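For reference, positions follow the sequence shown, starting with 1. Computed from a predicted structure; not experimentally measured. Atoms considered below: every heavy atom in the structure, side chains included; atoms not considered: hydrogens, waters and symmetry mates.
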Amino acid sequence: MTSTSKANLTEDDEEEEEIEHFDDFTLASSWERFISEIEATCRQWSADGPKNLLEKGAVHLDYSNKMYRIKSELKDATKIYSMEYYFGIDNNGNISDWNCTLHDLQLCFGVKEFLVISPQSASGVVLDAPESSKLLSSVAIALSNCSCLWPAFVPVHDPSRKAFIGIQNMGTIFTRRFEADRIGSQVPVKFMHLEGLYELFVSKFAYWTSDHLTHLFKVYLMMKLTYRTLPNDDENDGIQDADAENAESEKMPDGGNHNRKHWDDDCPWSEWYSAEDPVKGFDLVTTWSEKVIESSLEMAEMENASPHEAEKWILTPNLSPNLDSSKGDRIGFASQLQLLVSALDMSFEAQFMEDFVSDENLGSDNLKSSMVIPPPTVLDRVLKDLLLEGRQFPDFAKGKHKRSQAIKGAPLESLFAQFCLHSLWFGNCSIRAIAVLWVEFVREIRWYWEESQPLPKMPAHGSIDLATCLINQKLQMLAICIEKKRELNEEFQDCLGSNDDVFAHMEEDIEVGEESTSFLTQSQDFDGKRDSPLILEGFNESRTSISKFSTNSQDVYSADKSTSDSKRRGSAGPVGSMKLLNSCQSLHAPFTQNAPLMTEDMHEERLRAVEAFGDSFNFSAQLERETLSSDMSAFKAANSDAAFEDFIRWHSPGDWENDGSEANDEWPPRGKLSQRMSGPGNSWRKIWNDAPSLPAYEQKPLLDPNREGEKILHYLETVRPHQLLEQMVCTAFRASADTLHQTNFGSLKQMTTKMDQLYHTMASTLRPLQANLLSGNSEKIGDLKRLCVALEHVEKLLTLAASLRHKFIQAPRVYEAIFSDYYDFYLPNMGKGSADVDIQKEFDLKLQLKMNERQVVSNMFTPPTANQSWRKVLSMGNLLNGHEPILRQIVFSKRDSGSDCHYAVSTRGGLHMDDQQEIETYRMYVCGTSNDLRVALCVTSYD
């Protein structure tokens with residue numbers, strides 16, 4: 001079978017077998033196979049094009065939005081090389097624009113797309129000169145075979161030198177060769193100046209050394225200078241100022257250094273913590289457009305030119321790495337609120353705050369060590385700041401956001417809000433530290449009560465704000481009780497001192513008219529002390545308004561002095577033209593006591609009582625019996641002939657039904673009581689019958705300050721820990737947000753929107769705490785921690801906004817542009833926690849300044865002091881307020897036309913150059929400082 005099959009082979013099969021075993025002697029050596037492999041890879045990349053290469057795994061470069069890289073491995077004998085192709089989607093950019101997104105080799109040699117071939121080794125460079133030449137020749141042959149015009153580079157020498165050699169086939173008769181190297185130290189003084197660099201470039205094409213001195217060469221030049229402001233945290237900055245401050249501090253009694261200025265001293269949060277300046281400094285890039293230089297003298301003049309003569313100024317902010325860090329080690333309101341939420345989570349483990357003070361109730365040793373309380377001196381300082389230094393009446397409207405009222409906490413300047421803010425920074429804001437501070441705080445509050453001293457940072461007048469938390473309501477009511485208590489004590493002392501004078505005065509004034517006048521004087525004195533203001537603030541809103549009758553004291557006096565009105569006491573004046581039913585006398589409105597103040601829990605207690613006994617009119621009257629009886633007594637004193645119907649007509653006009661035919665001045669008035677007031681057993685009529693005729697100043701006060709004050713202190717001393725912490729969390733969030741809201745961030749609409757969103761989120765998240773719906777191990781604790789993260793994001797942005805506005809208050813467009821760009825950069829991370837923030841991409845803004853903004857930026861480069869200038873000797877020109885550039889980049893180029901020298905020779909194949917076409921024959925890129933120098937040279941030659 002085998003022999004038969006072989007015999008049946010056709011001639012075509014034999015030819016195919018010969019082709020399969022054909023030996024291609026052009027690939028006999030490994031070097032030839034290496035060239036072939038490079039050629040195949042380049043052909044494939046060229047055929048695919050940029051779009052297909054992206055689909056095949058091309059990697060996007062972080063520093064550029066349009067540059068990509070694709071990589072391939074090549075093997076030559078025992079060595080493995082990596083060949084990388086750098087290309088862009090849009091290659092229409094101009095290298096002369098100093099585009100900051102250019103690759104280093106693009107900037108050095110003025111190329112666009114290019115290849116880099118390097119060994120896969122630890123250094124990544126070719127250390128052997130013959131190997132580098134062989135490698136570059138291999139790439140050049142491969143690119144020529146596949147008609148690719150890409151420049152190719154090979155890294156050589158030590159990696160720190162950033163040295164390259166390269167070659168490019170121009171597609172005609174020209175070839176470009178590249179070479180770059182760097183001096184890392186001891187730069188010759190000559191090359192620190194523009195004149196020396198110019199002569200270095202000219203020496204590359206001048207035939208004799210003296211040519212560049214005697215001949216004028218037309219050289220094109222572009223220059224870019226980068227300046228950097230001194231860092232804000234420079235240890236050597238302001239040494240002399242610090243010495244002066246120390247000398248002044250020695251004269252101060254406490255030896256403190258209060259003169260040292262921090263960047264955020266005028267920011268609202270500086271009272272609680274000092275924030276790191278998020279803007280560490282700025283880089284200023286000044287660029288000169290292309291100009292022609294013909295001599296070294298012109299270069300020397302250009303070195304003395306001011307940066308203000310540059311064509312463009314581009315500003316780049318250097319932001320703190322902690323601004324968008326994911327470490328979560330930033331100190332601020334958000335970080336401390338995280339600790340307060342943790343304390344709330346632990347507050348369910350005890351019945352009283354005193355239980356957390358003792359070490360026995362803390363459990364493990366680790367828990368004890370994490371709950372160390374500050375020393376007594378710190379505690380005394382906090383209490384002094386809270387109580388002794390806060391006696392002035394606070395402005396509760398300060399820093400209040402329009403949505404702040406939706407959060408049931410305490411106003412920012414109130415005593416409890418200040419306590420909550422202090423607790424954030426007391427110790428490590430643990431439950432134990434809070435317990436110690438609270439216990440001592442309540443003791444101090446009791447001292448103010450027992451000594452009848454005004455309660456600091458709390459209003460002693462007005463009504464109770466039920467929109468605030470319960471503890472704030474209690475403290476406000478306690479302040480009012482203390483004030484009432486002080487008034488009673490003062491009146492008692494006045495009565496003891498003037499008792500004899502009063503009785504003597506009464507014996508002399510026997511006549512009724514004179515007696516009533518003295519009572520009126522007493523009432524006026526009383527009105528100015530206790531019941532201020534004594535107005536018609538009663539039980540029913542339908543009561544006749546004070547504006548409906550005259551309060552002229554002369555009218556009241558004349559009415560009381562008349563014979564018919566001689567028995568009136570405590571009258572505030574007649575109510576329009578209303579007359580009494582039983583006599584044709586004017587109906588007078590009395591001065592009444594204010595309704596007794598009640599906190600939220602007192603209102604809830606009354607509502608529960610109404611629900612228990614039924615929502616009846618008579619039971620409601622019984623609850624308000626004391627207030628009604630006081631109003632009725634005052635009404636009887638002001639209207640001695642008044643009937644129950646007269647009181648209803650004044651106090652509750654809705655319960656008096658007119659017949660519709662009477663005029664205001666008719667007497668007797670026609671009408672009747674409503675059904676609920678005229679029914680049998682009406683509680684209001686019973687109260688009227690029992691009420692004595694007494695003006696307000698002779699009545700027992702409706703508010704018993706001693707009883708209510710003791711009840712409030714009992715509540716503060718026995719409040720449950722979780723109830724205290726719930727109110728502290730709500731108040732601390734509200735106070736922190738209100739403090740941040742005071743930040744002056746200019747007209748940044750993004751921050752206004754974020755603050756509105758923050759208040760809305762806070763109100764919805766904190767609502768379960770306001771309703772006492774939180775329980776131990778509740779999922780709401782997680783919601784509170786996420787709220788802390790949201791506050792942290794806003795806090796970071798506010799800090800940045802304040803810092804930028806402080807620096808660019810005279811150039812608002814600059815700080816608005818920088819903040820808006822960073823806001824768009826940071827916005828994707830706003831909904832993430834600190835651990836989820838993506839910090840791989842760096843914020844890199846390049847903002848071109850207008851002419852009227854240059855001086856503002858220039859002023860940031862303050863002239864260096866003697867302590868700053870000694871560190872290095874200025875060796876470069878183009879100073880900006882005494883600051884030399886930290887980086888100088890120059891591009892020299894020489895161009896020749898087709899009619900010049902040997903470039904005018906006819907080309908192969910009959911092709912020739914246009915006489916007017918210019919070729920960049922020499923190009924040198926210089927990048928350096930006073931400590932290093934990098935030079936990249938590109939030469940176009942005729943082959």
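- Residue Y198 holds its OH atom at 7.5 Å from CZ of F217, rounded to the nearest 0.5 Å.
- No donor-acceptor pair closer than 3.5 Å links the side chain of S296 to the backbone N or O of E195.
- Closest approach of G124 to S118, counting heavy atoms only: O-CB, 3.5 Å.
- A parallel orientation is assigned to the rings of F114 and Y86, their planes being inclined by less than 30° (bins at 30° and 60°).
- Contact check for M302 versus L221: side-chain heavy atoms found under the 4.5 Å cut-off.
- How far CD1 of I293 is from CD of E298: 5.0 Å, rounded to the nearest 0.5 Å.
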For this session: Begin with the C-alpha distance, continue with both residues' side-chain angles, and end with the deciding distance and a verdict on ring-ring contact (aromatic ring centres under 6.0 Å, His included) for W45 and F87.
Result: CA-CA 10 Å; W45 286 346; F87 63 95; 8.8 Å; no
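- Note on residues 154-165: pairs passing side chain to side chain donor-acceptor pair (under 3.5 Å), not counting sequence neighbours, are D158-S160, R161-D181.
- The heavy-atom pair separating A142 from E39 by the smallest distance is CB-N, 3.7 Å.
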For this session: Decide yes or no on side-chain contact (heavy atoms from CB on, under 4.5 Å) for L748 and L797, but give the supporting numbers first.
Result: CA-CA 11 Å; L748 297 177; L797 292 176; over 6 Å; no
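- In this structure a side-chain-to-backbone donor-acceptor pair under 3.5 Å is present from T940 to E920.
- Ring-plane geometry between F201 and F205 is classed as perpendicular, the angle between the planes exceeding 60 degrees on a 0 to 90 degree scale with a lower cut at 30.
- Around atom CD of Q810, no more than 12 heavy atoms belonging to other residues, nucleotides or ligands sit under 6.0 Å away.
- Counting heavy-atom neighbours within 6.0 Å of E303 CD, excluding the residue itself, gives a total above 12.
- Proximity of a side-chain donor or acceptor of D264 to a complementary backbone N or O of A275 within less than 3.5 Å is detected.
- Side-chain contact between T929 and L887 is present, with heavy atoms from C-beta onward closer than 4.5 Å.
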Exercise. Please walk me through it: do L115 and I38 pass side-chain contact (heavy atoms from CB on, under 4.5 Å)?
Worked result: CA-CA 11 Å; L115 294 175; I38 295 176; 5.8 Å; no
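- Between the side chain of Q168 and the main chain of L149, a donor-acceptor pair closer than 3.5 Å is present.
- Summarising the geometry, atom CG belonging to L297 is positioned 4.5 Å from atom CD belonging to E301; distances are rounded to the nearest 0.5 Å.
- When all heavy atoms are compared, the tightest approach of Y925 to V891 is CD1-CG2, 3.8 Å.
- Between the side chain of D932 and the main chain of G928, no donor-acceptor pair closer than 3.5 Å is present.
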For this session: Verify side-chain contact (heavy atoms from CB on, under 4.5 Å) between T316 and L847, making sure each step is shown before the conclusion.
Result: CA-CA 7 Å; T316 299; L847 178 65; over 6 Å; no
For this session: Dump the intermediate steps for ring-ring contact (aromatic ring centres under 6.0 Å, His included) on F861 and H883, then the final yes or no.
Result: CA-CA 7 Å; F861 293 86; H883 296 260; 5.8 Å; yes
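- Remark: side-chain polar atoms of T229 are paired, donor with acceptor, to backbone N or O of F282 under 3.5 angstrom.
- Exactly one of L53, L54, V59 qualifies for a side chain to side chain contact (heavy atoms under 4.5 Å, CB included) with Y68. That residue is L54.
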For this session: Under the side-chain contact (heavy atoms from CB on, under 4.5 Å) rule, what do R934 and D104 come out as? Steps first, then yes or no, please.
Result: CA-CA 12 Å; R934 188 182 185 193; D104 178 62; 2.8 Å; yes
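- The two residues L845 and P317 make their nearest non-hydrogen contact at O-CD, 3.9 Å.
- The shortest side-chain heavy-atom distance between Y826 and L323 does not fall under the 4.5 Å cut-off.
- Separating the CD atom in E309 from the CD atom in E311 is a distance of 13.0 Å, to the nearest 0.5 Å.
- The shortest side-chain heavy-atom distance between L197 and M299 does not fall under the 4.5 Å cut-off.
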For this session: Assess whether side chain to side chain donor-acceptor pair (under 3.5 Å) is satisfied between D283 and T226, documenting all intermediate values.
Result: CA-CA 7 Å; D283 284 353; T226 303; over 6 Å; no
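- Put simply, the side chain of C108 does not reach to within 4.5 Å of the side chain of F178, judged on heavy atoms.
- For the pair M170 and I919, the minimum side-chain heavy-atom distance is 4.5 Å or more.
- Here OH of Y922 is found 7.5 Å from NZ of K894. Values are rounded to the nearest 0.5 Å.
- Within the 4.5 Å cutoff, side-chain heavy atoms of F808 are placed close to those of L315.
- Contact detail for T799 and E276: the closest heavy-atom pair is CG2-O, 4.1 Å.
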For this session: Go through the steps for F819 and F745 under the test ring-ring contact (aromatic ring centres under 6.0 Å, His included), then give the verdict.
Result: CA-CA 10 Å; F819 181 83; F745 50 79; 8.2 Å; no
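- Within the 4.5 Å cutoff, no side-chain heavy atoms of L284 are placed close to those of M860.
- When atom types are taken as modelled, the side chain of N878 and the backbone of A305 share a donor-acceptor pair closer than 3.5 angstrom.
- Ion pairing between E290 and R895 holds under the 4.0 Å rule for side-chain N and carboxylate O.
- A distance of 4.5 Å separates CG in L105 from CZ in F164, rounded to the nearest 0.5 Å.
- At least one donor-acceptor pair under 3.5 Å links the side chain of D265 to the backbone N or O of H262.
- A donor-acceptor pair under 3.5 Å links the side-chain atoms of N881 to the main chain of S858, judged by distance alone.
- Taking the six-membered ring for Trp and thresholds of 30 and 60 degrees, F109 and F153 have nearly parallel ring planes, at less than 30 degrees apart.
- Enclosure of atom CH2 in W263 by more than 12 non-hydrogen atoms of other residues, nucleotides or ligands within 6.0 angstrom is indicated.
- Scanning all heavy atoms of the two residues, the minimum distance from S138 to W31 falls at OG-NE1, 2.6 Å.
- The backbone N or O of P307 sits less than 3.5 Å from a side-chain atom of W313, completing a donor-acceptor pair.
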